[in-house]
Amino acid sequence: MPPPSAKRGSRLSQWYGRIAAFNVEELFSRKREPGPPRTVFVHQDLPQEYYDHKGRVKKETRHTSNQVITSKYTIITFVPRNLLEQFRRIANIFFLSVAILQFFPKFSTISGAVAILPLIIIIAITAAKDGYEDFKRHQSDKKVNYSKVYALSGGEWSNRNPTKAKTKTFVRGIIPSRAPSARKMGSSDPTWAFDYEDADVQGQGAHDRPQWKKILWEDLRVGDFVKIREDEHIPADLLICATSEEEDVAFVETKNLDGETNLKSRHAVPCLTHLNNAQDCADTLNKFHVKCDRPDTDMYRLNANVTLNGYTSSVDLSMTLLRGTVLRNTKWVVGIVLFTGLDTKIVMNSGGTPSKRSKVERQMNPQVLFNLVLMAGMAVVCAIVDSLLEVHYYPRQAPWLYGDNTSGDNPRINGLVTWAYSLLTFQDIVPISLYISIEFVKTCQAAWIYFDADIWYEKTNQATIARSWNLSDDLGQIEYIFSDKTGTLTQNLMVFRQCSIGGVAYTGGDNKDEEIPLEKPSSLHSKDDIPGIGIGVWAANHSSGGLSSRAPDPLKDDDTIHFYDRGLEQDLEAALSEESDPETRRHARSLNGFFTVLSLCHTVLTAEDPETGHITYKAQSPDEAALVQAAADVGYQFLGRDRDILSLRTPHSEGVEKYELLNILEFTSARKRMSVVLRRAEGDDHRLFLLTKGADNVIFERLKRGMDDDIREETERHLSQFANEGLRTLTLAYKVISDNDYEAWSKRYHEATIAMDNREEQIEAVSSELEQDLRLLGATAIEDKLQDGVPETIADLKRAGIKIWVATGDKLETAIAIGRSTNLINPDSNIIIVRGGPRPAQQQIKAALVQFFPEANASASAVSLPRSSTTSRDKDKDRGIPLQRMVTAPSIVGTDNGDRPGGFVLVVDGAALLEVFADEEDKALLLRLATLCEGVICCRVSPLQKALVVHLVKDNLGVMTLAIGDGANDVSMIQAADVGVGISGEEGLQAVNSSDYAIAQFRFLKKLLLVHGHWSYARNGLMIVNFFYKNIVPTGALWWFQIYCGWSGAFAFNYIYILLWNSVWTIAPVIGIGLFDRFLDARVLMAVPELYHYGRKGSWFGMRLFFLYMFDGLVQSTIIFFFIWYTYVSVTSRPDGFAIAQSEISTTMAITTVMVANMYTGFNATAWTGWLFFAVWLGIVIVWVFTVIYSIIAPSYAVTPLFGSTLFSFHSAYFWLCIPFAFVLAMAPRYLFKGWQFIFRPNDIDIVRWISQNDPHADLSHLTMHSDGAKSTLKDMLEAQRRTSMSSVASRTTSRRSSIVTLDRFAGPSMDIRSASRTDMATGMTSVERGFDFATEERGVAIQRIQTNLSERRENKVARKRSILKGKETLSHVLSLKRMRKKPPSPKKGGSGSD
């Protein structure tokens, strides 16, 4: 049983922990429980139950407004919330207590109003800063809330659905009113518009007609009709009524919600498709209501139904448009608002704006608390000793105790008075100027960041902005970075980079400008001229010259990156030559088949510009757009689809080739392939072709045995190279199908599509039957184009010891591909996949721990949460863990799978995280596995899961975290991290509005952390400990003086020196350190990222440094006080022989203390710039000048206790000798130690500083690889950090910059395919990672409509065929009857002849 003292200590720590964990935002959070299920009424009155007994609409039936506020404060909450935030600082509570104490005359040293004035000023300045930060958030919110959208107005339209009032904020603004102008829908920017032909837009009463009127987003209400135009953002969660496209399909970009770049297809509610214009929407005959479930956070589910004319039809997510998405490839959509504001799914997935405090500020609280306890202890000692002395001397009639016999003035009660008075004497031990100095310094540090030209994006003229000024030092302590993918690491742009065709690699990147451009084609449908295809580069010339005149087309001015390879051009020209050898003809067939598959095996739509004739491609999948574009670039130009007829122009065809599309075997994550069945619609060749593209392992296992083995071997080698460069790969194949086989298969396929049981399984089985015995054509390599400098930045951040996790909504293959291209996954890394499936996530994690980390304890009770930055590779090497291969079916990766030098990377999907987060033991296991791996990639995660992943690491490991993203789906993650960084990219300003720092490019994160963050942390840490130091020096002198003043709490110095200590004498040096000190130049910190480990480990601030500086201050105060005290009190130095006055001692002591404190602070700095030199000497000069002036002020002007003191001090040898001797003696111990340490035990910063000082132009980027001129400590430290990130960085970053490679790289020996592996813990299967990825919508509305149309046409053809056959049979039967009737008569019986 623990002793009572232990229990008291435990209770005390729990009490302090609860106070430290107090969150102000919980008191003021706008988050509330989701409302009840709702019904949206259109042209219908509200039911009676919606009203109370007074006829007013009930509060619970009112819907939230569409106003979304990311700011912290409102007019009402600003004062109380800000005061609570500021009084979380223990020091502020102390300052308030001391100020209140000063209002009592018994304890007053100055006026109570004067005493509380500094606290009021500090609180006011801090509140103004916080208010300004929030003001900027309000401005950002205003920009979003004041966006405009077309909503139904006029006619008989009236929205009866009740809505709550909007929130009053700081920034409401005045919306300028303009005279409305009516225009037809589609005009540039009309205030109101019509979209039906019989509307008199300029006649009388036009405003009374049904119309679309522009209103603010925040004024949108549940039940409003809206009309969204192409490329507009969706303002609320809408139900689709009608669209501009065939069959009322709409396409929406959801990367702002789930991070996926491919478009999603949506469709209108079938019973509402007639509501396609303002007049029909406003018609009161169109009455209906929509019943919806209560608002929830599930981004992939919505249950509702629509009741119209007594008929109810179901509604799901495919019939809605969610806030945060963007309408694409659709001219317009008419919808009705279901959920607004806080009830929309994207807002419900984001958290409330937190009140973040920096780690340094949190660490200061126990330091301040220690000083307060120390001060209280000093006051208690003074009180006890003073009381004992009074009790002792009062009976002896001590003259200074005369009259101390009243109830309010006696030896015993005076001890309490002395305690309170001593608190005022020693109050400077916690300086009130500390916090205002910190605020000022952090404000200036935010300005340094803003004015840094290196992190200013010239393209958009955007600076890096600190939106939360109090977190600058947190940037220097980051241990984990959580990053979004889409828009953060990538540019949302797919580029066709390389390909392998028939075993030959074409790497692109040749200089196409050397080619001669063609004349601009005159007509799209000209037989002899090739149209200018919007995304094409090479125009195909179909004259006798073949490809000889093919060249880049400069006439189309776009931003598209085109594919061009001179070797491919030459091979295509050779393919058209009539005089070619068999090998060339074979390769020609591969080239033709390869690009035919690219140009026909897809679901891309085309659009033709009626003026220029240019064709542009509209694709749901960015991968398909890049593939079709690449085919067009080399002359295989897809011209469009007319029902089931595909049009294609090729370099070797004289006209447009027509293909009949028979079947589409769509892509799914399970199939990992897509196929089309088609035949030539014209000409003599009516063969049936199966064109397939998909994952390499899926295609390879379906190839025809014994065919094209040489091509397969080369293609595998090329695929491995593509994957190592971080490119997304697809493998292409084809097959010729006989008519009989197809007819039989088509029947089975049709039966599978109409099956009632296990339809999907049957379709897959029948599809797989056809996709056998394929012929390999080659492979493609697409780059998901990264932001500039992303691989280099991630590599350097990894060198700095920062662990980087990626959390994305993309699918698993896309996440792995990005991991490779960004250096998160090295070529030799082993990938561990944990995903939702038949095997529970817990079992998968335990299996991974046992298999790959056998020494790790898989039990939850023994889970440890290491904070070491040592990588799993180093740990495994140190422990000698025998990594093993999972025993599965035979695999091509060999027997040493898992025994790679590249370490491990964990990939976990959202379904597995859903299981893990439901159980604390599973969370601990996942965290254990994740910390043993070098990196973690979370895919298919929702916005809420992103935040939970951050909390998992942040709360359990106690590390500093940073989250970076650019979309609304990243808001919750940004708010959950210690530091949130928003990228102002293409996905809107939601992430920026909720962030602490706003940057334009991911690469700016490197300097923001390694330079500004590290500088700010070092500066602030050094400034704070020097603040405590410089205040303990005079406090120590006051304490030692109590020995000689009867422990009465009296001042050793004149009070003016104490009063101006923190505001004049010693304030400049500490602020100078906070603003101008730099322990190393920015160039050095950028070149040697490993030095960031000083920040990660908290080397610049903590309790150890605090006590060290406090001890220094105590030692120096002892030396200063006793040296000067005993110098003066020994023998008088006055020529008249009188005793020394206390003012002479205190003046000497005060000046010496100021000089020591300022010079000690200055010597602690590492860069004595002009500004820092000025700051150090400013206080010293002022104290000397002030002493002189203050001592000569005559009593006739003002009473000054020091009047005339300089007359004696300045003529005293003691004065002039005490100051230098005391200064040297006080400074000597610390700086003798620092000198010894620098000479005999230098740290890494000392070594690098010495190198850079001796050779300012030295290239330090290779310091980790050379030991010359550096001590072993530096080499060892940098080498240990380097091992985690140096593999293949240079080659991959070079390829990312230019994406230009040569054919020579493929000329060497075959690459070892075992260089990397991936183990799927859900199935136990191990495979080679070759970079497969393909982004498209699975089982979307659009592909289902295409399948339905193909099925209907197929059935119509069958019906017509049956009808024709039946007609032929009938005609044949009729003809046979006629032939039967015309049979010749039988010969007559009897003979002839005459008798």
Side-chain angles (χ1 to χ4, degrees), residues 121-122 124-140 356-358 360-361 433-458 460-478 962 979-984 992-993 995-1001 1003-1024 1027 1067-1083 1085-1086 1095 1100 1165-1167 1169-1175 1178:
I121 293 174
I122 291 173
I125 292 175
T126 305
K129 178 189 73 72
D130 294 340
Y132 177 77
E133 289 179 2
D134 209 54
F135 172 77
K136 303 302 289 184
R137 293 191 185 96
H138 279 282
Q139 285 185 322
S140 300
K356 294 183 179 180
R357 303 168 64 203
S358 70
V360 167
E361 184 180 339
S433 59
L434 170 61
Y435 288 102
I436 192 64
S437 300
I438 291 175
E439 297 293 346
F440 174 75
V441 165
K442 289 187 175 182
T443 301
C444 292
Q445 289 171 353
W448 301 161
I449 293 173
Y450 179 82
F451 289 113
D452 189 344
D454 292 338
I455 51 178
W456 186 299
Y457 194 41
E458 295 182 2
T460 58
N461 194 29
Q462 180 183 346
T464 297
I465 300 173
R467 296 170 54 85
S468 297
W469 296 348
N470 63 324
L471 300 178
S472 57
D473 41 50
D474 280 352
L475 294 173
Q477 306 174 73
I478 300 301
L962 180 146
V979 179
V981 178
I983 295 181
S984 51
V992 170
N993 293 349
S995 67
D996 304 305
Y997 290 86
I999 62 178
Q1001 293 279 287
R1003 69 177 186 271
F1004 294 161
L1005 193 63
K1006 177 183 175 181
K1007 188 170 187 182
L1008 187 64
L1009 297 185
L1010 302 188
V1011 178
H1012 288 288
H1014 208 173
W1015 273 353
S1016 296
Y1017 177 43
R1019 289 168 174 173
N1020 295 349
L1022 192 60
M1023 179 185 69
I1024 293 170
F1027 237 111
I1067 190 66
V1070 287
I1071 291 181
I1073 285 179
L1075 296 180
F1076 306 114
D1077 186 34
R1078 57 179 185 273
F1079 57 93
L1080 284 171
D1081 290 338
R1083 178 186 65 87
L1085 293 175
M1086 294 284 281
W1100 298 108
T1166 53
T1169 61
W1171 284 108
L1172 191 58
F1173 183 87
F1174 170 78
L1178 179 64

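Small disclaimer: the values here were computed from a predicted structure and weren't measured. Atom set for the values below is all heavy atoms of this structure, side chains included, hydrogens, waters and symmetry mates excluded.
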Nearest-0.5 Å distance, [atom1] of residue [X] to [atom2] of residue [Y]:
{"X": "Thr443", "Y": "Asn470", "atom1": "OG1", "atom2": "CG", "answer": "9.5 Å"}
{"X": "Leu1005", "Y": "Ile983", "atom1": "CG", "atom2": "CD1", "answer": "8.0 Å"}
{"X": "Ile1071", "Y": "Cys444", "atom1": "CD1", "atom2": "SG", "answer": "8.5 Å"}
{"X": "Phe1027", "Y": "Tyr435", "atom1": "CZ", "atom2": "OH", "answer": "11.0 Å"}
{"X": "Ile1024", "Y": "Asp473", "atom1": "CD1", "atom2": "CG", "answer": "7.0 Å"}
{"X": "Asp134", "Y": "Gln139", "atom1": "CG", "atom2": "CD", "answer": "11.0 Å"}

Heavy-atom closest contact ([X] atom, [Y] atom, distance):
{"X": "Ala446", "Y": "Ala466", "answer": "CB-CB, 3.7 Å"}
{"X": "Lys1007", "Y": "Ala1082", "answer": "CE-CB, 4.5 Å"}
{"X": "Leu1172", "Y": "Gly1072", "answer": "CD1-C, 3.5 Å"}
{"X": "Ala1167", "Y": "Asp1077", "answer": "N-OD1, 3.2 Å"}
{"X": "Gly1074", "Y": "Val441", "answer": "O-CG1, 3.4 Å"}
{"X": "Arg357", "Y": "Asp474", "answer": "O-OD2, 4.1 Å"}

Between [Y] and [X], is there a side-chain heavy-atom distance shorter than 4.5 Å?
{"X": "Tyr997", "Y": "Leu471", "answer": "yes"}
{"X": "Phe1079", "Y": "His1014", "answer": "yes"}
{"X": "Leu1009", "Y": "Leu962", "answer": "yes"}
{"X": "Lys442", "Y": "Ser358", "answer": "yes"}
{"X": "Trp448", "Y": "Trp1015", "answer": "no"}

I'd like to know if the side chain of [X] and the backbone of [Y] have a donor-acceptor N/O pair within less than 3.5 Å.
{"X": "Asp1081", "Y": "Arg1083", "answer": "no"}
{"X": "Thr1166", "Y": "Arg1078", "answer": "yes"}
{"X": "Arg467", "Y": "Val992", "answer": "yes"}

Exercise. Which class fits the ring pair Phe1004 and Tyr457: parallel under 30°, tilted 30 to 60°, perpendicular over 60°?
Worked result: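 The rings of Phe1004 and Tyr457 stand perpendicular, inter-plane angle above 60°.
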Exercise. Do the ring planes of Trp469 and Tyr132 sit parallel (below 30°), tilted (30 to 60°) or perpendicular (above 60°)?
Worked result: tilted
Exercise. Can you check side-chain contact (heavy atoms from CB on, under 4.5 Å) on Ser472 and Asn1020, steps first, answer last?
Worked result: CA-CA 9 Å; Ser472 57; Asn1020 295 349; 3.7 Å; yes
For this session: Apply side-chain contact (heavy atoms from CB on, under 4.5 Å) to Gln462 and Ser984, showing your working.
Result: CA-CA 9 Å; Gln462 180 183 346; Ser984 51; 2.4 Å; yes
For this session: Report, as yes or no, whether the 6.0 Å neighbourhood of atom CZ on Phe440 holds more than 12 heavy atoms from other residues, nucleotides or ligands.
Result: no
Exercise. Which is it for Tyr1017 and Leu475 under the side-chain contact (heavy atoms from CB on, under 4.5 Å) test, yes or no, and what are the steps along the way?
Worked result: CA-CA 7 Å; Tyr1017 177 43; Leu475 294 173; over 6 Å; no
For this session: Before giving the answer on ring-ring contact (aromatic ring centres under 6.0 Å, His included), spell out for Trp456 and Phe451 the whole-Å C-alpha distance, their side-chain angles and the decisive distance to 0.1 Å.
Result: CA-CA 8 Å; Trp456 186 299; Phe451 289 113; 7.8 Å; no
Exercise. Does the side-chain contact (heavy atoms from CB on, under 4.5 Å) test come out yes or no for Thr464 and Asp452, once each step is laid out?
Worked result: CA-CA 8 Å; Thr464 297; Asp452 189 344; over 6 Å; no
